[in-house]
Amino acid sequence: MFALVDCNSFYASCERVFRPDLKNKPVVVLSNNDGCVVALSKEAKKLGIKMCDPWYQIESAYTKKGGYAFSSNYELYADISARIMTTLERLSPNIEIYSIDEAFLDLTGVNNCQNLQDFGMQCKETIKQWTGMPVRVGIAPTKTLSKIASYGAKYYPATQGVVDLSKPERQKKLLNLVPVQEVWGVGRKIHKRLNQIGIRTALDLAMIDTKYVRNNFNIVLAKTVRELRGEPCIGLEDQSSAKKQIVVSRTFSKKVDDLRTLEEAVSDYAARAAAKLRRENRRCLYVSVFIRTNPFRTQDRQYRNSGTTRLIAPTSDTRDIIQNAKKSLRAIYRSGFNYIKAGILLSDFYDDQIQQYDFFYPKERTLHSDQLMNTIDKINKKGLPPVYFLAQGIKRKWSMKREIQSPRYTTSWNDLPKVS
DNA sequence: TCTGGGGTCCTAGGACCC
DNA sequence: TCTGGGGTCCTAGGACCC
């Protein structure tokens, strides 16, 4: 048996934790560069705002109606997420942190000593009390069904945010009410194809022959079908499973056309990616870079490309990663285009405890590399002004716009909320 | 003028091997 | 006119997730 604990409009709710005056008010959170809406409260939804609405199109009408908006504040969200996950770990022995605002709980054994509905209610209330965040809980014999349960908890207020689908009759009843595109694993493309063969609800999907699905769709959807019938196919993921790739990419705050500026941005992303890599205790062998123009500007000539370099040996040294990123960038850069986005991707990871040196690897790099990186990471961890490489640039005019960001209430001493 | 970022998994097709 | 069979590995791209 699984439980899915899911936060209600996570980013918007985070903004409310330290702003009780925003209770029952419309709140939206914007993507990087204040580009579009990525989270919205119930009240904002009622005003007709939708996920992914471009901010510049809705700003004036929305604020006139008394709506509040925030630039994304990932430091705050990550910290609140960590508090919620720690709380869940105390309530259940085995959890899988699925995303910043969701976790699956393994309820094996719990149903022997406690009513599951009560357990769900206890989770919800404890999290509210300890962190201030509203969550809902879906309980079911498979992960896919627990997602369905969570959907029920979201759209039917009578459930008070907790739905237990351990009984097959209840599963059937709810599946019949859920549109097929809401099923976990059914995206836009599959939805369209399912509609063409007359599949409209989750229950319709649960009833198709799995062989037919395997032959006409794919094995992933066949698993989904079996999960909807209550047959567990997807287990709790092992959290130790390490990342396979690290991506850092950003849209620029304005168009960029010269190589120097691109180099600066790519070096900055490379340094961030390298720091992430070290946090995972890994080294990487490949560094890829991609750049692209703005596809929304149809009047502009379009260009996109990516390039990859293989390092001499696996490394997590920022200097190596920056150097190779710049090399890849120079190989793919073409002048005469307005670039809007660049990114870096690290792949093929190795444990940082095992260092296989190459005969031709420069000695001075291997000698103090780990010590130097360690020191930089330590300094940058402690809320002091960060240490960075000159290649990352000083003014960073290309860097993203966040004009209406809330304070970092829980992660910066200067931003602590004041009580007067 | 202004349209996000970071991931995973699967599959088809090409290169290569015997 | 005629040109095998079976396998592995790698990569790019598609689809999905939050």
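Quick note: numbers below take in every heavy atom, side chains included, and nothing from hydrogens, waters or symmetry partners. The chains referred to below are lettered A, B, ... by the order of the sequence lines, with proteins before strands, and numbering in each begins at 1.
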On DNA chain C, which is the earliest and which the latest nucleotide, 5' to 3', with an atom closer than 4.0 Å to a heavy atom of chain A?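 Going 5' to 3' along DNA chain C, contacts run dA15(C) to dC18(C).
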
Ring-ring centroid check Trp398(A) Tyr339(A), cutoff 6.0 Å: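 Judged by ring-centre distance (under 6.0 Å), Trp398(A) and Tyr339(A) do not meet the cut-off.
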
Just to be sure I understand the rule, does [X] reach a base, reach only the sugar-phosphate, or reach nothing, if contact means heavy atoms closer than 4.0 Å?
X	result
Lys276(A)	sugar-phosphate
Lys401(A)	nothing
Lys255(A)	nothing
Asn33(A)	nothing

If you measure from the Lys or Arg side-chain nitrogens to the Asp or Glu carboxylate oxygens, is any gap between [X] and [Y] under 4.0 Å?
X	Y	value
Glu75(A)	Arg402(A)	no
Glu264(A)	Lys395(A)	no
Asp209(A)	Lys211(A)	no

Contact list for DNA chain B against [range] - heavy-atom distance below 4.0 Å:
range	answer
residues 69-82 of chain A	none
residues 35-61 of chain A	Pro54(A), Tyr56(A)
residues 290-308 of chain A	Asn294(A), Phe296(A), Arg297(A)

How many angstroms lie between atom [atom1] of [X] and atom [atom2] of [Y], to the nearest 0.5 angstrom?
X	Y	atom1	atom2	result
Leu177(A)	Glu182(A)	CG	CD	12.5 Å
Leu145(A)	Gln171(A)	CG	CD	5.0 Å
Ile139(A)	Phe119(A)	CD1	CZ	7.0 Å

State whether the number of non-hydrogen atoms from other residues, nucleotides or ligands found under 6.0 Å of [X] atom [atom1] is greater than 12.
X	atom1	result
Lys326(A)	NZ	yes
Leu390(A)	CG	no
Arg214(A)	CZ	no
Lys172(A)	NZ	no
Gln122(A)	CD	yes

So what is the 5' to 3' dot-bracket string for DNA chain C, if pairs are Watson-Crick or G-U wobble with both distances under 3.5 Å, crossing pairs use [ ] and | means the partner sits on another strand? ....||||||||||||||

Only residue of Asn374(A), Asp317(A), Thr318(A), Asp320(A) satisfying side chain to side chain donor-acceptor pair (under 3.5 Å) with Ser369(A) is Asp317(A)

Are the side chains of Arg226(A) and Thr210(A) in contact, using a 4.5 Å heavy-atom criterion? yes

Work out which heavy atom in Ala44(A) is nearest to a heavy atom in Val27(A); give both atom names and the distance.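 Looking at all heavy atoms of both residues, the shortest contact is CB-O, 3.8 Å.
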
When Ile80(A), Thr131(A), Ile100(A), Asp101(A) are each screened for side-chain contact (heavy atoms from CB on, under 4.5 Å) with Cys7(A), the one that passes is Asp101(A)

Provide the distance between the two C1' atoms, one in dC17(B) and one in dG4(C), to the nearest whole Å. 14 Å

Looking at DNA chain C, which of residues 179-214 of chain A put a heavy atom within less than 4.0 Å of it?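 Under 4.0 Å from DNA chain C: Val183(A), Trp184(A), Gly185(A), Val186(A), Gly187(A), Arg188(A), Lys189(A), Ile190(A).
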
Specify whether Tyr155(A) and Tyr151(A) have parallel, tilted or perpendicular ring planes, treating 30° as the upper limit for parallel and 60° as the lower limit for perpendicular.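 Correct class here is tilted.
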
Along DNA chain B (nearest heavy atom to each residue), the more 5'-positioned of Ile219(A) and Lys341(A): Lys341(A)

Face-on cation placement of Arg304(A) at Phe290(A) ring, 6.0 Å and 45° thresholds: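 That pair does not qualify as a cation-pi contact.
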
